[in-house]
Amino acid sequence: MEKKNNNNTSSSSSQSNSAVERALTILEFIALRKEPVGVGEVAEKLGLAKSTTHRILEGLKNKQFIEQINATEKYTIGIKAIEVGMSGLTNWNIVDITGPYIRQLAYDLNETSFLAVFDQGEIVYVYKAEGNKAVTTNAQLGTRKPIHCTALGKAFAAQLHIEEVDRILTEKGMEKYTDRTLTDKQKYLAELSLVREKGYAMDDEEVEEGLTCFAVPIFNYTGHAVAAISVAGPTERMITNKDNIVNSLKQLNNQLSTRLGFVPAMRKRL
């Protein structure tokens with residue numbers, strides 16, 4: 001008798017898992033569709049019986065994970081699914097998410113990699129990883145730097161409206177750190193246009209002589225830049241290895257932005 005009960009329990013558990021998998025598969029299918037879909041289409045595309053598909057759809061609808069359009073009786077993603085997804089995204093810690101990627105980037109390139117956030121018109125370094133050939137810089141965790149001379153700052157500023165950039169530069173000034181530091185506002189705005197066009201920013205020895213840096217922004221599900229990642233090192237090495245560094249940063253931009261729910265259509269147009 002006990003053996004029979006165990007078999008029944010195992011069978012019930014298996015059926016339950018199968019039902020959950022089918023429900024999640026259907027939910028994912030609907031979420032990825034640009035247009036509402038009907039029962040027949042869902043059943044055909046996923047290889048399910050129409051009666052089974054209808055039963056699962058009704059269950060998802062009752063829990064508000066999907067919605068049914070009365071006029072067509074087709075289904076689209078519901079408010080509950082959006083709430084759950086948004087909750088997960090907003091509860092993620094940017095350092096926890098990006099840390100492993102930044103460490104790998106520093107290891108692969110043998111240089112120093114930084115993660116920064118934007119706060120009150122400045123960048124703030126919040127994470128740092130060093131490769132085997134990394135050199136010491138004056139950028140330490142918690143350090144604030146201006147947007148006009150850092151690659152990280154330019155990566156952020158390129159995503160802001162010109163009026164906002166102008167306000168920040170007027171308020172913070174454009175201090176000259178080296179002979180290469182841009183202190184002309186119009187030239188700086190022109191460079192931001194190039195940053196948007198190329199997809200990356202550069203600090204050409206504008207903060208420290210002999211030190212060059214490349215950076216890219218990281219976007220979240222709202223289409224806003226919530227962080228920026230950079231690679232810094234001696235100018236000669238950085239210029240020699242520029243293509244590899246920039247390509248690595250762009251790949252990381254795509255990976256991390258996607259993890260944060262970003263899709264290109266959400267990006268702000270300035």
May I ask you to check whether T112 and E130 show a side-chain donor-acceptor distance below 3.5 Å?
no
Rounded distance (nearest 0.5 Å) linking atom CZ of F214 with atom CD1 of I245
6.0 Å
Nearest heavy-atom contact between E205 and T235 is OE2-OG1, 2.7 Å
Have a look at L256 and tell me which of N220, I94, T98 forms a side chain to side chain contact (heavy atoms under 4.5 Å, CB included) with it.
T98
Any chance CD of E28 has more than 12 other-residue heavy atoms, nucleotides or ligands included, within less than 6.0 Å?
no
Carboxylate-amine/guanidinium proximity below 4.0 Å for R55 and E58
no
Exactly one candidate in I56, T52, V37 meets side chain to side chain contact (heavy atoms under 4.5 Å, CB included) with I26; the answer is I56
Smallest separation among heavy atoms of D204 and R180, with atom names:
O-CD, 2.9 Å
Is it the case that atom CG in N70 sees more than 12 heavy atoms from other parts of the structure closer than 6.0 Å?
no
Minimum heavy-atom distance between A227 and L115, given as atom pair plus value
CB-CD1, 3.7 Å
Rounded to the nearest 0.5 Å, what separation is found between the CD1 atom of I30 and the CG atom of L60?
6.5 Å
How about K45: does its NZ atom have over 12 heavy atoms from other parts shown lying under 6.0 Å from it?
no
Whether over 12 other heavy atoms sit under 6.0 Å from K50 NZ
no
Those residues at least two apart in sequence (or on a different chain) that pass side chain to side chain donor-acceptor pair (under 3.5 Å) with Q255 are none
L169 CG to M174 CE distance, which is reported to the nearest 0.5 Å
5.0 Å
Just by distance, with hydrogens left out, do R22 and S18 show a side-chain donor and acceptor under 3.5 Å apart?
yes
Under the salt bridge (Lys or Arg N to Asp or Glu O under 4.0 Å) definition, can you give me all pairs with a residue in residues 149-163, not counting sequence neighbours?
K154-E191, K154-E206
Check the side chains of Q251 and N247 for a donor-acceptor pair under 3.5 angstrom, ignoring hydrogens and angles.
no
Please determine whether the number of non-hydrogen atoms from other residues, nucleotides or ligands lying under 6.0 Å from atom CG of D179 exceeds 12.
no
Quick one: CE on M238 to CG on N244, what's the gap to the nearest 0.5 Å?
10.5 Å
Of L260, N253, T258, N254, which meets side chain to side chain contact (heavy atoms under 4.5 Å, CB included) against F219?
N253
For E209, the salt bridge (charged side-chain N to carboxylate O under 4.0 Å, His left out) test, sequence neighbours excluded, returns none
Any chance the side chains of K185 and T170 put a donor and an acceptor closer than 3.5 Å?
yes
I want to check a possible cation-pi pair here: K63 against F65, using under 6.0 Å from ring centre and within 45° of the ring axis as the test.
no
What heavy-atom pair brings P234 and L211 nearest, and what distance separates the two atoms?
N-CD1, 4.3 Å
